[in-house]
Amino acid sequence: MDALSRAEPRRARGRLGAQSAEARAPAVPWARFSAWLECVCVVTFDLELGQALELVYPSDFRLTDKEKSSICYLSFPDSHSGCLGDTQFSFRIRQCGGQRSPWPADDRHYDSGAPVSLQSLVLVSRLPFVRLFQALLSLIAPEYFDKLAPCLEAVCSEIDQWPAPVPGRTLNLPVVGVVLQVHIPSRADKPESTSLKQRGHENLLPAPLVLSSVHELDLFRCFQPVLAHVQTLWELMLLGEPLLVLAPSPTVSSEMVLALTRCLQPLKFCCDYRPYFTIHDSEFKEFATRTQAPPNVVLGVTNPFLIKTLQHWPHILRIGEPKMSGEAGPASAQGSWGDGPRHSEATLGGLGSEPAAQTPGRGCLAGGLPKQVKLKKPSRLKTLDTKPGLYTTYTAHLHRDKALLTRLLRGLRRGRPADTLTTLLRGHLLELTQSFVIPLEHYMAGLMPLQKSVAPWKTPPQIRPFHQDDFLRSLECTGPQLTCVLKGDWLGLYRRFFKSPHFDGWYRQRRREMAHKLEALHLEAICEADIETWMKDKSEVEVVDLVLKLREKLVRAQSHQLPVKEETLQRARLHIETAIGSLPKDLQAVLCPP
């Protein structure tokens with residue numbers, strides 16, 4: 001491996017450049033490839049020079065110096081993590097500008113597979129399809145480290161033949177002799193439906209490898225060491241509180257952070273998050289300053305030094321090595337939730353696989369639940385060897401759901417599959433979030449003007465403002481107590497939620513959707529009206545003004561994808577033609593130039 005990392009990638013640069021010129025003959029070079037990935041990077045570690053970006057493919061993809069530096073530092077586990085052998089994790093950095101893409105995300109997501117030879121293969125993408133990229137790395141990483149650049153060229157060419165990731169579609173994606181079958185999530189998908197059944201591959205050889213989800217993680221495995229505090233963590237995420245996650249490895253760090261950002265579904269996570277972060281990041285000073293409050297970010301780290309540097313953060317979750325109390329044995333040696341120096345499962349040939357389920361009775365407490373971190377006060381953060389725990393002064397607003405813990409405990413005792421326990425945990429979090437959001441949605445819907453108030457020849461009415469006090473008073477009749485059995489200070493939780501980035505993000509999105517709906521209703525009202533009757537007593541200026549406004553509405557309907565039927569758009573075009581036809585020839589020539 002050392003010989004390959006020092007010699008082969010450098011000789012491969014010339015071949016990549018030659019291949020690139022020939023491959024990019026089409027008018028839109030690498031269009032299908034760029035729909036999935038921005039680029040693929042190879043990073044090596046030299047004892048004298050440090051990290052170096054050895055290879056970028058496609059070779060003409062441009063990264064800024066800041067992005068290159070971030071990729072180089074984040075592609076390898078921190079020296080404090082003690083990872084041995086192959087490991088895989090995700091990280092996320094802020095885009096520095098320059099390179100543009102049709103995908104609207106401001107940040108880029110990375111999955112990294114780093115073998116023992118201190119060489120890392122990195123997939124760079126704007127799509128948050130972590131599970132898909134994990135599976136992809138598990139297939140191409142062994143091939144690349146064996147065959148180097150020629151293999152990378154072939155893989156990128158295969159990806160360039162993939163269909164576009166259109167939301168709602170089920171796709172078959174061939175790569176290195178394997179067909180990955182995936183479903184691209186869409187807004188129409190039900191939040192609770194996470195499994196994908198095999199379909200449409202009767203004639204495919206070889207049979208496809210079906211991924212149940214391209215982005216969902218095994219929540220039970222990720223949250224297993226903190227199950228007793230899942231609701232507290234859910235509240236911290238809901239309120240957009242800054243949270244530092246200190247884990248024993250980048251794998252555990254990235255999976256925990258990603259799981260935390262997923263626990264609010266279907267509510268969109270609107271805060272920043274970094275699955276893996278180091279002190280070399282250019283934004284470290286911004287996060288470490290004590291002159292202002294910590295930003296709303298979930299930060300995953302492995303360096304214990306950051307415990308002392310970021311001691312002023314209000315919430316710190318430290319996860320220890322995957323040790324279990326009770327009988328020592330093979331199961332307790334590797335644990336069932338993380339990735340540490342004693343793991344043997346995260347080999348290069350199985351980077352996308354999940355650890356086997358915990359054997360009941362081994363490595364568990366008397367009830368079968370793995371050892372839990374404790375809730376502690378931040379004042380106990382004094383040394384770098386701080387014990388595992390959730391350090392916070394935050395007091396949860398809702399009472400803990402003991403029935404959930406009992407059901408999970410019973411499932412562990414009976415050896416139920418990990419997928420079943422994940423479904424149970426995800427269903428609980430989904431029900432909790434929906435119970436919280438439904439009253440907000442109900443109140444917001446009441447702010448929408450009635451359809452009968454939308455007149456065709458008048459400016460549409462305005463959406464009424466959101467008054468927090470009015471909403472809180474409405475909770476007595478429409479509150480979460482109607483759909484959720486949990487008791488607690490729901491009013492206090494809503495009051496703090498109003499100050500969070502998630503309320504701002506939710507409100508802006510819902511108001512934007514309502515404004516689009518109002519525009520669609522106004523356009524429909526105009527199209528259903530009798531335009532000829534309206535034009536009888538109107539001046540030429542008013543008719544021209546109608547034509548211009550209808551054209552503007554058509555453009556907005558298409559560019560903003562307003563919820564308007566095609567029949568309505570056709571009527572609008574006929575109205576425009578009718579209005580123009582009623583004008584003098586000179587005005588017709590101006591409005592419809594040849």
Side-chain angles (χ1 to χ4, degrees), residues 102 104 166-169 186-189 266 268 437-468 470-471 474 477-478 504-594:
V166 179
R169 291 188 58 188
S186 70
R187 287 189 176 185
D189 294 338
K268 181 181 179 182
V437 172
I438 285 175
L440 290 166
E441 296 283 356
H442 183 269
Y443 177 79
M444 194 71 182
L447 304 179
M448 181 75 173
L450 297 176
Q451 185 172 353
K452 64 181 181 180
S453 66
V454 180
W457 314 120
K458 296 181 180 180
T459 302
Q462 297 293 312
I463 301 172
R464 293 189 295 276
F466 190 106
H467 292 296
Q468 297 179 9
D470 290 345
F471 167 76
S474 71
C477 299
T478 62
D504 183 67
W506 170 84
Y507 177 71
R508 288 176 182 271
Q509 179 182 346
R510 291 293 290 115
R511 188 173 179 84
R512 183 167 54 251
E513 291 172 353
M514 291 168 66
H516 288 171
K517 179 62 177 177
L518 199 57
E519 285 187 72
L521 290 175
H522 190 228
L523 181 58
E524 290 176 2
I526 293 175
C527 293
E528 291 174 359
D530 187 350
I531 189 172
E532 294 182 352
T533 302
W534 177 84
M535 289 190 300
K536 285 181 180 180
D537 58 346
K538 297 297 183 293
S539 65
E540 294 178 358
V541 174
E542 290 175 300
V543 175
V544 170
D545 184 61
L546 174 65
V547 170
L548 297 178
K549 286 184 177 179
L550 278 177
R551 284 180 172 175
E552 182 184 357
K553 286 183 176 293
L554 282 177
V555 171
R556 286 185 58 82
Q558 294 173 344
S559 61
H560 291 78
Q561 297 181 342
L562 299 184
V564 180
K565 298 179 181 179
E566 182 61 31
E567 180 184 354
T568 302
L569 298 179
Q570 291 292 349
R571 285 185 180 181
R573 296 185 185 100
L574 289 176
H575 276 14
I576 293 174
E577 293 177 4
T578 302
I580 293 176
S582 68
L583 295 171
K585 296 294 183 181
D586 56 339
L587 283 179
Q588 292 185 26
V590 173
L591 293 174
C592 299

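Model, not experiment: these values are computed from the prediction. All values below come from the heavy atoms of this structure, side chains included, with hydrogens, waters and symmetry mates left out.
Annotation: salt bridge (charged side-chain N to carboxylate O under 4.0 Å, His left out) contacts involving residues 437-466, sequence neighbours excluded, comprise E441-R510. Residue pairs that meet the salt bridge (charged side-chain N to carboxylate O under 4.0 Å, His left out) test with at least one member in residues 555-583, sequence neighbours left out, are E519-R556, E566-R573, E567-R571.
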Legend entry - Residue pair L569, L523: steps toward the side-chain contact (heavy atoms from CB on, under 4.5 Å) verdict: CA-CA 9 Å; L569 298 179; L523 181 58; 4.2 Å; yes
Legend entry - Derivation of the side-chain contact (heavy atoms from CB on, under 4.5 Å) call for Y443 and Q468: CA-CA 10 Å; Y443 177 79; Q468 297 179 9; over 6 Å; no
Inset, instruction - May I have the step-by-step check of side-chain contact (heavy atoms from CB on, under 4.5 Å) for R551 and V547, ending in yes or no? - result: CA-CA 6 Å; R551 284 180 172 175; V547 170; 4.0 Å; yes
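Between Q462 and P449, the shortest heavy-atom contact is O-CG, 3.4 Å. The minimum heavy-atom distance linking S186 with G168 is given by the pair CB-N, 3.6 Å. In terms of heavy-atom proximity, S453 sits nearest to P461 at OG-CG, 3.6 Å. Nearest heavy-atom pair, F471 versus P439, reported as atom, atom and distance to 0.1 Å: CE1-O, 3.4 Å. Contact detail for I531 and T578: the closest heavy-atom pair is CG2-CG2, 4.2 Å.
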Donor-acceptor pairs are to be reported for all side-chain atoms of residues 579-588 against protein atoms at under 3.5 Å, with residues two or more places apart or in another chain.
residue: S582; atom: OG; partner: A579; partner atom: O; Å: 2.7
residue: Q588; atom: NE2; partner: I580; partner atom: O; Å: 3.4
residue: Q588; atom: NE2; partner: G581; partner atom: O; Å: 3.4
residue: Q588; atom: NE2; partner: L583; partner atom: O; Å: 2.7

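In this structure, W534 has no side-chain hydrogen bond (donor to acceptor under 3.5 Å, both in side chains) partners at least two apart in sequence or on a different chain. Looking at residues two or more places apart in sequence or on another chain, you find no side-chain hydrogen bond (donor to acceptor under 3.5 Å, both in side chains) involving K268. Taking H516 as the reference, nothing meets the side-chain hydrogen bond (donor to acceptor under 3.5 Å, both in side chains) condition, with sequence neighbours excluded.
Environment of NE2 in H560: crowded, with over 12 heavy atoms of neighbouring residues, nucleotides or ligands closer than 6.0 Å.
Between the side chain of H575 and the backbone N or O of I526 there is at least one donor-acceptor pair closer than 3.5 Å.
By the 4.5 Å heavy-atom criterion applied to side chains, L447 and F466 are counted as neighbours.
Distance CD/Q509 to CD/E513: 4.5 Å, rounded to 0.5 Å. A distance of 4.5 Å separates CE in M444 from OH in Y507, rounded to the nearest 0.5 Å. To the nearest 0.5 angstrom, Q570 atom CD is 9.5 Å from L554 atom CG. To the nearest 0.5 Å, the span separating SG on C527 from CG on L550 amounts to 7.0 Å. Note that CG of L562 is 11.0 Å distant from OG1 of T568, once rounded to the nearest 0.5 Å. Put simply, NZ on K538 and CG on L546 are 10.0 Å apart, with the number rounded to the nearest 0.5 Å.
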